[in-house]
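Right, one structure below, let's go through it.
Order of the sequence lines fixes the chain letters, A, B, ..., with proteins taken first and strands second; residue numbering starts at 1 for each chain. On a predicted model such as this, the values are computed, not experimentally measured, just so you know.
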Amino acid sequence: MSRYNFKESEARWQGAWAEHGSFRAVEDPKRPKYYVLEMFPYPSGRLHVGHVRNYALGDVVARYKRAKGFNVLHPMGWDAFGLPAENAAIANKVHPAEWTAENIRVMGEQLRLIGLSYDWDREIATCDPEYYRHEQKMFLDFMAAGLAYRKEARVNWDPVENTVLANEQVIDGRGWRSGALVEKRLLSQWFLRITDYADELLAAIDGLDRWPERVRLMQANWIGRSIGAHIRFDLVGRDDNLEVFSTRPDTLFAATFCALSPDHQLTEELAAGNPALAEFVAECRRLGTSEEAIETAEKQGFDTGLRARHPFLADVELPVHVANFVLMEYGTGAIFGCPGHDQRDLDFARKYDLPVIDALAPPTARTLDEAEAAGLPAADRARFDVHPLQTLDGMGEVFHIGATAYTDTHLPAYRYRLGDLAPGDTPLSTADAKHKVIAALEAKGAGAATVRYRLRDWGVSRQRYWGCPIPVIHCRKCDVVPVPERDLPVTLPTDIDFDTPGNPLDRHPSWKHVACPNCGGPAERETDTFDTFFESSWYFARFCSPDSDKAFDRAAVDYWLPVDQYIGGIEHAVLHLLYSRFFVRALKKCGYLSVEEPFAGLLTQGMVVHETYRDATGDWVYPEEVELCDGKAIRLADGAVLTAGRHEKMSKSKKNVVGLEKVVDSYGADTARLLLLSDSPPDRDLEWSDAGIEGAWRYINRLWRLIAAPKGKLAATGAPLPEALATLRADAAAVALWRDLHKTIAGVGEDFDRFHFNRAVARIRELTNAIEAFEPAGDIADWLRRSARETLVKLIGPLMPHLAEELWRQLGHDTMLADAPWPEADPALLVDETVTVAVQVNGKLRATIALPRDADRAAAERAALDQDGVQRALDGKPVRKVIVVPNRIVNVVA
RNA sequence: GCGGGCGUGGCGGAAUUGGUAGACGCAAGCGACUUAAAAUCGCUUGGGCUUGUCCCGUGCCGGUUCGAGUCCGGCCGCCCGCACCA
């Protein structure tokens, strides 16, 4: 039996596409453009099938849009600066540049094996001075525009990578790559003013309607805009006052203490005259170096003896403590404590025996019974048992509670107490209560509304060698001097050693010593390099004109940008995607380009997961060494029983990586592509399995046999449409297939437009089944057999491009399928003349009936009531009502 | 704790957005071809029994509706993001 020779075919067509320049992109203002981009890889070594999913998804979009007549830009490049190159240099004594170049070579070859429709003429590598020279210029422009600045700051220090991390790169107190506990260090660093764009970046999320909701939310949360108030408390017996920040000023009436950060100015002042307090502050500092320590540390406080006067309740004085959990970095470094509405404050109040008040409780309910009568939710009622009622002088009748913060769902049961709200008044929402308190504060001159962001400026300095040098010079006389444009690029020295830890640029004997461009005196280069997210924040724009000696050819970026469809992993939901959105705005401000949003559409693809096994000692075992029998996993070598772990993302350490070459060698690129595209929707995880790849391979061969060795006669290439078929008077089987064909064209197009690739494959398989089952003879049948096959080949083109080209040739064409237009569905063939209508009795299916399309209601009703099954179900009961949904359903209500 | 998402056969997943639940595939079983195996082809495959175009069935309980996998309310479970952030 004939088998598809993928090896020969894939090599041939890859060669043919390259030779014909099939995927070269040229700006053409007369044609609609489509820019599809997959997140470019870091050249870390070798690709496995997990990486390929990303590129296969993009390739389907690119090939489909090309066939639809778009002028498609589909480039690929390398995110080539980064730490692994330096680690390899240390481990293998190979220069990072060499290591990177070799990986690019190998991975480039691997990519070419998969038949991706890239315009390879536009390939870029970010470690190329011809690339990074432009970002050095950008940085100088950012400096001039006030978007880049240098400051002494407490930064996140990764002790394993020996470098600084941006806030976004710290996950659960650990470095995002190294996993090491992050420390705080005071360093002078370069920052980009992303916070200037906080509001804009947040507001523009609304316009990103082709982004996943999940990512939009994550970005909005990361920016973290919140409205609160600055509130001034007069300090008893002093002239000055204490300013605190709160996002919940509505809880001010339940404040029972104030707390200062150990780093607060007032704390320092008080500690100067109070050795016990000074000791407490020192203790806090000893503990609070790493994020981990902060998370686990117990709440500690120190009563300063100071008293703060409540802004509204003149006779209420709140004790002022110093507390280790108050952060100087956030807000004003001082808070008012509200134990009734905040778990953390409650912990603190319990420990130091401070009062607990509920600002939202109905003033009439003083006992559990009363609370029940007032309609308090059960969860809140329970608190009354634990914390008996107390009254705080001057606050009227209030509750002591011991509970977590409130949510809006609780609110209707409570009354907000702001003097003018009497029991029985309509309760205020949290938002309204906030505004009311803020207005009252402002009227008293005791505070004001404030907007806060969680977002911090982006620290871009890294103490690494393998990155883009920051183009500034430090001169003792002239301070920070930008490297003059004529001296760009500042390139990396190649003669470096990694034998001692730290930044090799800093230790290099000559590189950093230069004359000050300003005064000519002795000066030193900045030895920090940029965060590698700097390069990936503009590469998509560079692809528009990769050879330009300016950063961008203006006409080219104006034509191609924004990226119409961007495809990559969810792990970049905030990091890369937020930086890029900011960067493009900064570039616009500096006159580089005109767009504001880099990526109009975003698809976040799931991971490729694979089975994992561990032996009794907990070591991972390669799945190839495992055999399954009676539901047990057995190691082939020694028969040991293994534990089957969960299906996890492919990683070397878990020994579940499926190499690309092996799969391509055994089954071909198209088989791998088919499995990656068909088994799960793109945004969900996909399970790689031997059975799956076998199934895909079977189908590829079925297609091969269907076309290369058809059963039944095919009309000649280009034979005209027979008259009988054109007028739809052919036999029923032919008409059915013809309709199937056009419905599939329409359906697959819709699926591709919505990235439902798995559904598209299912439809194509259904069509394959129909073509295989089609047996009639005669001119019409012969023509249809050919027509159906030609269409089928066009439909699989974006998914399995090599096979499609090969089959196209088998069908007698000497053109390339890559140049063929997408088939068009005939709208007349998409609607059936007869439709199957479900008949229900009281909502339960009792029969199906065939009706002419758009049959009138009366006819449908009559036909439905005629059904035996319907009569049986009615069992003589009178029909009360009949609901007819045309062409779909008849429901008889009895 | 806050925010979000998801629960459908043995498995991956479909379901025209409120209208015939389980498309398509994987796995399994039976059969055909074969000396045999592989490959290929055909059939069966949610559960139940009284085998009827019957009953039950989309995490659980309730509601709206002629009709709910889909909408609403309340639970349970899993996943993700954020977090001593005031």
Polar atom pairs between nucleotides 67-69 of chain B and protein, under 3.5 Å, N or O only, would you list them?
none

Output one line per pair: protein atom, nucleotide atom from nucleotides 55-59 of chain B, and distance, for all N/O pairs under 3.5 Å.
unit_1	atom_1	unit_2	atom_2	d
B:rC55	OP1	A:R846	NH1	3.4
B:rC55	OP1	A:R846	NH2	3.1
B:rC55	OP2	A:R846	NH1	3.4
B:rC56	OP2	A:K844	NZ	3.2

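A search for side chain to side chain contact (heavy atoms under 4.5 Å, CB included) contacts involving A:A696 returns A:T671, A:L674, A:L675, not counting sequence neighbours. For A:R452, there are no salt bridge (charged side-chain N to carboxylate O under 4.0 Å, His left out) partners, not counting sequence neighbours. With sequence neighbours excluded, no residue satisfies side chain to side chain donor-acceptor pair (under 3.5 Å) with A:S680. In terms of the side chain to side chain contact (heavy atoms under 4.5 Å, CB included) criterion, residue partners of A:Q871 (sequence neighbours excluded) are, by chain and number, A:L865, A:L874. Applying the side chain to side chain contact (heavy atoms under 4.5 Å, CB included) test to A:A449 and every residue at least two apart in sequence or in another chain returns A:I438, A:E442. With sequence neighbours excluded, no residue forms a salt bridge (charged side-chain N to carboxylate O under 4.0 Å, His left out) with A:R53.
Among the nucleotides B:rC84, B:rA27, B:rA86, the one closest to the side chain of A:R698 is B:rA27.
Within the nucleic acid shown, A:T848 comes within 4.0 Å of at least one base atom, counting heavy atoms only. At the heavy-atom level, A:R880 lies nowhere under 4.0 Å from the strands shown. The residue A:V837 sits apart from the nucleic acid: no heavy atom pair falls under 4.0 Å. Here A:V885 lies in heavy-atom contact (under 4.0 Å) with a base. At the heavy-atom level, A:I883 lies under 4.0 Å from base atoms of the strands shown.
Sorted by first and then second residue, the side chain to side chain donor-acceptor pair (under 3.5 Å) pairs with a member in residues 759-773 of chain A read A:Y699-A:T768, A:R702-A:N769, A:R702-A:E772, A:D751-A:R763; sequence neighbours excluded. Residue pairs meeting the salt bridge (Lys or Arg N to Asp or Glu O under 4.0 Å) criterion with at least one partner in residues 878-894 of chain A, sequence neighbours excluded, do not occur; the list is empty.
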Summary of protein contacts for nucleotides 9-17 of chain B, nucleotide by nucleotide, where a base hit scores B, a sugar-phosphate-only hit scores S (4.0 Å, heavy atoms): ---SSS-B-
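Looking at A:N758 and A:D679, their side chains never bring a donor and an acceptor atom within 3.5 Å of each other.
Contacts of residues 764-772 of chain A with RNA chain B (heavy atom under 4.0 Å): A:R765, A:E766, A:N769.
Look at the P atom in both B:rG4 and B:rU40: the space between them is 49 Å, to the nearest Å.
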